[in-house]
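Before anything else, here's the structure in question.
Since this is a predicted model, take the numbers as computed values, not measurements. Positions are given from 1 along the sequence.
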Amino acid sequence: MTTDTILKLEKLIKAPRDKVFDAWINPEVMPKWFGPEGVHVPEFSMDVREGGKWNAVMENGDGDRYYVSGVYTEITPHDRLAFTWAWSEDGVRGPESHVSLTFGDVDGGTVMTIEHTNLDSEESRTNHQEGWDSSNTCLAKYLESN
């Protein structure tokens, strides 16, 4: 694995760590913030247990739909969450990558670190960075207003 296929981001969220973690595993909350700005999630399912599957459909303002899914590989409440990630197109699942999130207490809230590995190209890494940055902004806005 080369560094151009590894993405690591940190985000300070002004909310308690348990609330930030729960936003990732609560099926009623996650669709309210998940995805980049300007996208909504009309379909979402999750079986939050190691080996459980999750699926999301993200839709932009033009009606374009993007399908992503994975399997939970690690769940350590309020500390760490990890899952596989793969986009699907025309019902065919693409290359699988892996997302690991860690959550830490800091003054004023929670620092959330996302490490997305096994991306298949530098372009994919760049695209995912833009998506995660925007999605993290949506998460912070949601949590800071609820």
Can N26 and D22 be counted as having a side-chain donor-acceptor contact under 3.5 angstrom? no

Provide the closest heavy-atom pair for G35 versus C138 in the form atom of the first, atom of the second, distance. O-SG, 3.6 Å

Nearest heavy-atom contact between P77 and I75 is CD-O, 3.7 Å

Looking at K53 and Y72, what are the two nearest heavy atoms and their distance?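 Nearest heavy atoms, K53 then Y72: O-CE1, 4.2 Å.
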
Donor-acceptor contact below 3.5 Å, side chain W33 vs main chain A23: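 Looks like yes, one N/O pair under 3.5 Å.
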
I'd like to know if the side chain of S69 reaches the main chain of N55, judged simply by a donor and an acceptor atom lying under 3.5 Å from each other, with no hydrogens or angles considered. no

Run the side-chain contact (heavy atoms from CB on, under 4.5 Å) test on V99 and I114 for me, step by step, so that the C-alpha distance in whole Å, both residues' side-chain angles and the decisive distance to 0.1 Å come before the verdict. CA-CA 7 Å; V99 177; I114 296 177; 4.1 Å; yes

Within the side chain of S134, is there an N or O that forms a donor-acceptor pair under 3.5 Å with the backbone of E130?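 Judged by distance alone, no pair lies under 3.5 Å.
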
Linking I/L/V/M/F/W/Y whenever any side-chain heavy atoms sit under 4.5 Å apart, do Y142 and M30 land together? yes

Is there a donor-acceptor pair under 3.5 Å between the side chain of S135 and the backbone N or O of G131? no

Verify the distance criterion only: is there a donor paired with an acceptor across the side chains of S100 and E115 at less than 3.5 Å? no

Please state whether the rings of F21 and H78 are parallel, tilted or perpendicular, taking 30° and 60° as the class boundaries.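 If you compare the ring of F21 with that of H78, the planes turn out perpendicular.
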
Ignoring hydrogens and geometry, is there a side-chain-to-backbone donor-acceptor pair from T110 to A15 under 3.5 Å? yes

Does any N or O in the side chain of N60 come within less than 3.5 Å of the main-chain N or O of G38, such that one atom is a donor and the other an acceptor?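 Absent.
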
Output for pair (R80 CZ, T102 OG1), nearest 0.5 Å, gives 7.0 Å

Could you tell me which non-hydrogen atom of T84 sits nearest to which non-hydrogen atom of R93, and how far apart they are?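 Heavy-atom minimum between the residues: OG1-NH2, 4.2 Å.
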
Of all the heavy-atom pairs spanning S97 and H116, show the shortest one and how long it is. OG-NE2, 2.7 Å

Measuring from E43:CD to H40:NE2, what's the distance to the nearest 0.5 Å?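 Spacing of CD (E43) from NE2 (H40) equals 9.5 Å.
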
If the plane angle is over 60° it's perpendicular, under 30° parallel, otherwise tilted; pick one for F83 and W85.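 Judged by the thresholds at 30° and 60°, the geometry between F83 and W85 is tilted.
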
Please name the residue in the list L101, L143, V111 that meets the side chain to side chain contact (heavy atoms under 4.5 Å, CB included) test with V20. L143

With rounding to the nearest 0.5 Å, note down the distance linking OG1 in T73 to NE2 in H98. 3.0 Å

Nearest 0.5 Å, please: how far is CG in N136 from CG in L12? 11.5 Å

Over 60° means perpendicular and under 30° means parallel, so classify the ring planes of W54 and F34, tilted if in between. perpendicular

Does one hydrophobic cluster hold both V29 and W24, with members joined at side-chain heavy-atom distances below 4.5 Å?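 Yes, V29 connects to W24 through the hydrophobic network.
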
Do L81 and L9 share a hydrophobic cluster, counting only Ile, Leu, Val, Met, Phe, Trp and Tyr and linking them when any side-chain heavy atoms are less than 4.5 Å apart? yes

Carefully, step by step, assess L139 and M112 under the rule side-chain contact (heavy atoms from CB on, under 4.5 Å). CA-CA 11 Å; L139 173 60; M112 181 180 70; 3.8 Å; yes

So how far is it from W132 CH2 to K8 NZ, rounded to the nearest 0.5 Å? 15.5 Å

According to a 4.5 Å side-chain heavy-atom criterion applied to Ile, Leu, Val, Met, Phe, Trp and Tyr, with indirect links allowed, do W87 and V57 form part of one hydrophobic cluster?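 Shared cluster, no.
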
Under 3.5 Å, is there a donor-acceptor pair between the side chain of R125 and the main chain of T5? no

So does K14 get a backbone contact from the side chain of E144, meaning a donor-acceptor N/O pair under 3.5 Å? yes

